[in-house]
Amino acid sequence: MAEQKQTYDPATIEPKWQQFWREHDVFRAKNPGDQDFDPKQPKFYALDMFPYPSAAGLHVGHPEGYTATDIVSRYKRAKGFNVLHPMGWDAFGLPAEQYAIQTNTHPAKTTAANIDTFRRQLQTLGFSYDWNREFGTCDPSYFRWTQWIFKQLHQRGLAYESNAPVWWCEALGTVLANDEVINGRSERGDHPCERRPLRQWVLKITEYAERLLRDLDPLDWSESLKTMQREWIGRSEGAEIDFDVEGHDARLRVFTTRPDTLFGASFMVLAPEHALVAAITTDAHRQAVDDYVKAAAAKSELERTDLAKDKSGVFTGAYARNPLFAADDPRGRIPIWVADYVIVSYGTGAIMAVPAGDERDFEFAQKFAIPIPGIFAPATGDAERDARIAAGEQCCTDEAPYAAHCRTSDGKIVLAGKSLQDGKRAIIDWLVAAGRGEAKVTYKIRDWLFSRQRYWGEPFPVLHTEDGVALVPDAELPVLLPDMEDFKPGGQPESPLIRATDWVNTTDAKGRPAQREINTMPGAAGSSWYFLRFCDPHNTNEFCSKAASDYWLPVDLYVGGTEHAVGHLLYSRFWTKVLHDQGLVTCVEPFHKLYNQGMIQAFAYQDGRGAIVPKAETKEQGDDVVHATTGEKLTPIVTKMSKRYGNVVNPDDVVSEYGADTLRLYEMYMGPLADSKPWNPKDVPGVYRFLQRSWRLCVPEFAEKGALHEWLQQDRAADPALEKALHRTIHKVEGDIERMAFNTAIAAMMIFVNEATKAMDKLNRSQLLRFAQLLQPFAPHVAEELWQRLSGDGLLSRAAWPAVDPALLVDDEVELAVQVLGKLRARVTVPNGAANDVALAAARAAAVQWLDGKTVVKEIVVPNKLVNFVVK
RNA sequence: GCCGGAGUGGCGGAAUCGGCAGACGCACAGGUUUCAAAAACCUGCGAGGCAACUCAUGCGGGUUCAAGUCCCGCCUCCGGCACCA
């Protein structure tokens with residue numbers, strides 16, 4: 001056979017192996033009950049946050065997390081785990097519908113086309129997904145069970161209808177959830193939003209607040225993410241206290257975290273929307289209060305918070321009685337105000353204001369000249385501050401001793417001398433005994449607004465009948481969307497489904513007329529349980545068999561972006577707990593380990609005014625980048641990839657120029673997975689060269705097709721130095737994969753290849769086979785190809801991870817650093833594990849010129865590391 | 001404002017438990033090869049200094065024989081929350 005150039009050619013290798021793996025079902029995960037299922041094998045569930053298949057196709061940000069989970073999946077398979085590594089599509093929702101409207105094509109069509117693109121792109125990257133388990137949330141066979149789960153929630157009393165005001169976004173023609181609105185503007189598109197009352201489905205996630213909080217602790221998530229969820233749930237402990245209102249029967253209930261400051265309550269504040277406002281306002285103040293309430297209603301949340309740092313409010317003319325004081329004690333008569341710094345939806349929508357102990361109340365009291373009774377008697381040594389606090393001239397939010405007058409006239413409560421905890425306790429005990437209040441825990445988290453006025457979402461399995469809400473029987477699920485020509489929002493709050501009259505008007509189980517629910521479910525519905533369906537995706541009798549979820553759950557590794565920190569992750573945890581309570585799954589926390597990847601950024605160039613110049617208008621000039629027309633020197637900055645800046649990198653382009661293995665490797669080599677880091681096209685050839693050098697270790701440049709280096713053609717003994725280097729590399733790569741440090745794992749393989757290249761003809765086949773095994777999780781195509789050319793046993797993707805001989809990880813000799821006064825002065829080589837006196841003797845000899853004429857005061861030996869002499 | 005995270009060569013980054021700062025890659029420089037270029041390969045590469053050495057991990061202090069790593073006080077950047085009583 002004629003010799004020819006044997007170059008590393010990803011364009012032929014990669015499609016070949018992708019096809020082979022797919023045709024031979026290499027990455028199929030076996031469920032309990034399947035043929036060849038081995039119950040003794042440990043399981044590993046590696047999950048990516050499934051993508052929203054947008055029309056733009058895959059972005060280089062997607063494969064970052066996907067490569068990480070793929071490395072772990074391939075590694076775990078090699079380590080003998082039964083690995084579940086699935087992929088699917090989060091395919092219902094607003095952007096798909098927006099795009100469909102733009103292109104005037106049915107969202108089912110555009111979504112299917114987008115999914116095809118995503119699938120094709122992902123498949124060119126060689127991910128070891130079990131594609132048999134693929135589904136999209138818009139598949140009727142899937143959302144049938146989303147509807148069924150809604151029914152479970154409803155049956156447990158966790159779904160209710162509400163007319164509470166919700167965020168309405170005129171521009172998007174839809175209502176939005178709290179977390180989709182930022183400072184009164186839509187997260188998507190940044191359009192203005194306002195509050196409007198609409199009939200909505202709401203899920204009682206608040207009922208699970210305590211468990212969602214408590215169960216967070218043992219999870220292997222970053223502390224910052226746990227903190228985000230904790231703060232979102234926002235638990236606070238305190239008390240509810242009832243105040244009498246002069247001249248009214250109604251009592252005013254407030255929530256406070258500082259019941260111990262009740263002696264300092266000098267006014268009350270109601271939220272403008274509070275139910276009692278109208279009733280208690282006196283005629284003299286009615287006009288002012290009405291005006292204020294109206295103005296507050298018209299204000300956006302933005303105006304009420306961000307811009308209006310200045311407190312505003314009006315007096316109602318009414319007075320409350322502080323329950324601690326006797327009916328004739330003038331200190332107990334406190335005015336009731338209305339102010340928008342109190343939020344109606346938190347606590348009871350009313351507060352007792354204690355200006356001496358709360359900065360907001362202090363600010364308000366100062367502005368409106370309300371008395372500020374001092375209630376603390378601090379003795380911190382800062383006499384001036386102590387005096388101001390005692391006099392009520394300064395607010396004190398820290399723990400401080402109570403003033404002597406913090407006592408009831410009957411002596412039943414005496415706060416002086418008590419700690420903060422005991423002070424709270426004393427007041428709460430008294431309130432309970434007096435029937436005036438109780439200890440109370442409040443949460444910031446609100447119930448989950450669970451409906452959208454849109455076409456492209458799961459229909460509710462709900463009928464509105466003359467008797468009220470009726471659930472669609474299981475046998476009639478799924479409730480399919482009507483096939484509508486015109487699915488655009490009508491500009492009215494109701495969903496376009498209202499126009500599908502044939503669909504809306506139906507009959508209930510008794511044959512009486514009924515109307516279908518026209519709201520659809522939000523995007524987060526389908527993503528709240530997809531990890532469960534992956535365990536048993538083809539089940540037509542159940543959403544997921546208990547055997548399958550018991551086996552696979554929890555997810556062992558879940559990788560995705562931080563943007564889902566409070567939305568998706570909280571909703572999924574909630575649904576899992578509900579399904580658990582229904583006895584349908586055993587697991588209570590779906591995601592054991594969660595890892596947030598950083599963002600892939602890009603370079604952009606700024607001109608002198610700080611404006612970003614689009615890539616197309618720049619050019620390189622020597623080491624600099626300048627403006628193509630003006631020639632102005634531009635400053636490089638790191639920012640988000642954006643179409644506007646022209647710095648978006650398309651993974652397809654990288655694959656066609658360098659191959660998928662290079663893309664995967666580069667994304668992992670850029671830096672730690674958790675960090676955000678800029679894409680630098682100049683760095684990509686570096687990892688490509690590494691693959692080429694790896695290839696060259698096996699394949700000569702000119703040879704017969706498929707031939708190896710001649711020294712690899714027969715078996716021979718391993719070179720000890722290379723063998724040692726290889727074992728170290730295996731050990732390092734293994735440890736680095738376990739701790740998700742893929743960048744350093746790749747660096748270790750590069751070191752091995754550099755070393756091996758220098759002594760290439762000393763390598764043997766076994767060493768190269770093992771190197772291919774190491775490389776396989778990272779660059780699976782080239783590794784599989786080399787494995788085949790080296791006549792490895794079977795398929796590399798199914799081969800076991802190479803073993804490390806611990807004996808080969810230790811050296812006979814080690815180099816010690818010799819320091820004098822902490823400064824490195826020499827190095828000596830001593831036997832590994834040498835006794836301290838041996839190390840000292842060697843070090844002393846090496847450092848003699850720095851020790852001469854000095855007194856050694858102390859000698860520190862760190863075995864196998866260094867010797868430090870402290871001299872005088 | 002509050003809560004997280006980070007700041008190391010020209011660049012991306014490494015240093016896993018307080019023990020030789022700068023692994024690995026990029027860029028750059030010199031060389032080999034080549035008709036030539038590219039590719040590939042080899043060598044060098046924190047700063048200052050001829051050198052011995054000195055200085056260097058955002059800034060200022062501290063603890064320690066020894067600090068990128070621990071402590072205190074600042075600065076800057078990124079992310080989250082933002083009148084939640």
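Below, all heavy atoms of this structure are taken into account, side chains as well, without hydrogens, waters or symmetry copies. All figures in this text were calculated on a predicted structure; none of them were measured in a lab. Reminder, nothing fancy here: chain letters follow the sequence lines and each chain counts from 1.
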(request) Establish, with yes or no, whether the OP1 or OP2 oxygen of G13(B) is under 4.0 angstrom from a side-chain nitrogen or oxygen of Tyr669(A). (result) no
(request) Ignoring backbone atoms, establish whether Arg689(A) has a side-chain N or O less than 4.0 Å from OP1 or OP2 of G25(B). (result) no
[M] and [N], which share atom name [atom1], separated by this distance in whole Å:
{"N": "G62(B)", "M": "C3(B)", "atom1": "P", "value": "27 Å"}
{"N": "U54(B)", "M": "G58(B)", "atom1": "C1'", "value": "22 Å"}
{"N": "G61(B)", "M": "A67(B)", "atom1": "P", "value": "15 Å"}
{"N": "U64(B)", "M": "C81(B)", "atom1": "C1'", "value": "39 Å"}
{"N": "G60(B)", "M": "U76(B)", "atom1": "P", "value": "16 Å"}
{"N": "A23(B)", "M": "C45(B)", "atom1": "C1'", "value": "15 Å"}
{"N": "A21(B)", "M": "A56(B)", "atom1": "P", "value": "13 Å"}
{"N": "G7(B)", "M": "G68(B)", "atom1": "C1'", "value": "11 Å"}

Which part of the nucleic acid, if any, lies within contact of [X], taking any heavy atom under 4.0 Å across all strands shown: a base, the sugar-phosphate backbone alone, or nothing?
{"X": "Trp221(A)", "value": "nothing"}
{"X": "Pro672(A)", "value": "sugar-phosphate"}
{"X": "Asn743(A)", "value": "sugar-phosphate"}
{"X": "Glu859(A)", "value": "nothing"}
{"X": "Arg235(A)", "value": "nothing"}
{"X": "Lys226(A)", "value": "nothing"}
{"X": "Asp736(A)", "value": "base"}
{"X": "Ile860(A)", "value": "base"}
{"X": "Arg739(A)", "value": "base"}

Listed nucleotide nearest any side-chain atom of [X], set [options]:
{"X": "Gln692(A)", "options": "G12(B), C53(B), A40(B)", "result": "A40(B)"}
{"X": "Thr744(A)", "options": "G4(B), A15(B), C65(B)", "result": "A15(B)"}
{"X": "Lys311(A)", "options": "C83(B), G12(B), C24(B)", "result": "C83(B)"}
{"X": "Val862(A)", "options": "C42(B), G19(B), G4(B)", "result": "G19(B)"}
{"X": "Asp340(A)", "options": "C83(B), C41(B), G13(B)", "result": "C83(B)"}
{"X": "Ile751(A)", "options": "C81(B), A85(B), A23(B)", "result": "A23(B)"}
{"X": "Met228(A)", "options": "A85(B), G80(B), C24(B)", "result": "G80(B)"}
{"X": "Thr227(A)", "options": "C11(B), C3(B), A15(B)", "result": "C3(B)"}
{"X": "Ile351(A)", "options": "A85(B), G12(B), C3(B)", "result": "A85(B)"}

(message) Nearest heavy atom decides the nucleotide; on that basis, is Ser236(A) or Val870(A) closer to the 5' end of RNA chain B?
(response) Val870(A)
(request) Would you kindly compare Glu223(A) and Lys732(A) by the position of their nearest RNA chain B nucleotide and give the one closer to the 5′ end? (result) Glu223(A)
How many whole angstroms separate atom [atom1] of [X] from atom [atom2] of [N]?
{"X": "Phe690(A)", "N": "A40(B)", "atom1": "CZ", "atom2": "C1'", "result": "17 Å"}
{"X": "Met668(A)", "N": "G25(B)", "atom1": "CE", "atom2": "P", "result": "19 Å"}
{"X": "Asp260(A)", "N": "A85(B)", "atom1": "CG", "atom2": "P", "result": "14 Å"}
{"X": "Asn754(A)", "N": "C26(B)", "atom1": "CG", "atom2": "C1'", "result": "14 Å"}
{"X": "Gln819(A)", "N": "G18(B)", "atom1": "CD", "atom2": "P", "result": "17 Å"}
{"X": "Leu866(A)", "N": "U64(B)", "atom1": "CG", "atom2": "C1'", "result": "14 Å"}
{"X": "Asn864(A)", "N": "C17(B)", "atom1": "CG", "atom2": "P", "result": "19 Å"}
{"X": "Tyr443(A)", "N": "C81(B)", "atom1": "OH", "atom2": "P", "result": "21 Å"}

Considering only NZ, NE, NH1 and NH2 on the basic side and carboxylate oxygens on the acidic side, decide whether [X] and [Y] come within less than 4.0 Å.
{"X": "Arg230(A)", "Y": "Asp217(A)", "result": "yes"}
{"X": "Asp310(A)", "Y": "Lys367(A)", "result": "yes"}
{"X": "Arg258(A)", "Y": "Glu399(A)", "result": "no"}
{"X": "Glu237(A)", "Y": "Lys440(A)", "result": "no"}
{"X": "Glu755(A)", "Y": "Lys724(A)", "result": "no"}

(request) If the plane angle is over 60° it's perpendicular, under 30° parallel, otherwise tilted; pick one for Phe255(A) and Tyr346(A). (result) perpendicular
(request) Check the angle between the aromatic planes of Phe267(A) and Phe364(A) and answer parallel, tilted or perpendicular using the 30° and 60° thresholds. (result) parallel
Any-strand Watson-Crick or G-U partner of [N], both distances under 3.5 Å:
{"N": "C81(B)", "result": "G1(B)"}
{"N": "U63(B)", "result": "none"}
{"N": "A15(B)", "result": "none"}
{"N": "A51(B)", "result": "none"}
{"N": "G68(B)", "result": "none"}
{"N": "A29(B)", "result": "U43(B)"}
{"N": "A6(B)", "result": "U76(B)"}

(message) Quick check on G9(B): syn or anti? Syn means the glycosidic torsion is within 90 degrees of zero.
(response) syn
(message) Syn if the chi torsion is within 90° of 0, anti otherwise; quick check, which is C17(B)?
(response) syn
Quick check: any donor-acceptor pair below 3.5 Å linking the side-chain of [X] to the base of [N]?
{"X": "Lys823(A)", "N": "U54(B)", "value": "no"}
{"X": "Asn868(A)", "N": "C65(B)", "value": "yes"}
{"X": "Lys682(A)", "N": "C11(B)", "value": "no"}

Looking only at atom types and distance, does a side-chain atom of [X] sit under 3.5 Å from a main-chain N or O of [Y], one as donor and one as acceptor?
{"X": "Tyr292(A)", "Y": "Asp340(A)", "value": "yes"}
{"X": "Lys226(A)", "Y": "Leu219(A)", "value": "yes"}
{"X": "Asn832(A)", "Y": "Asn864(A)", "value": "no"}

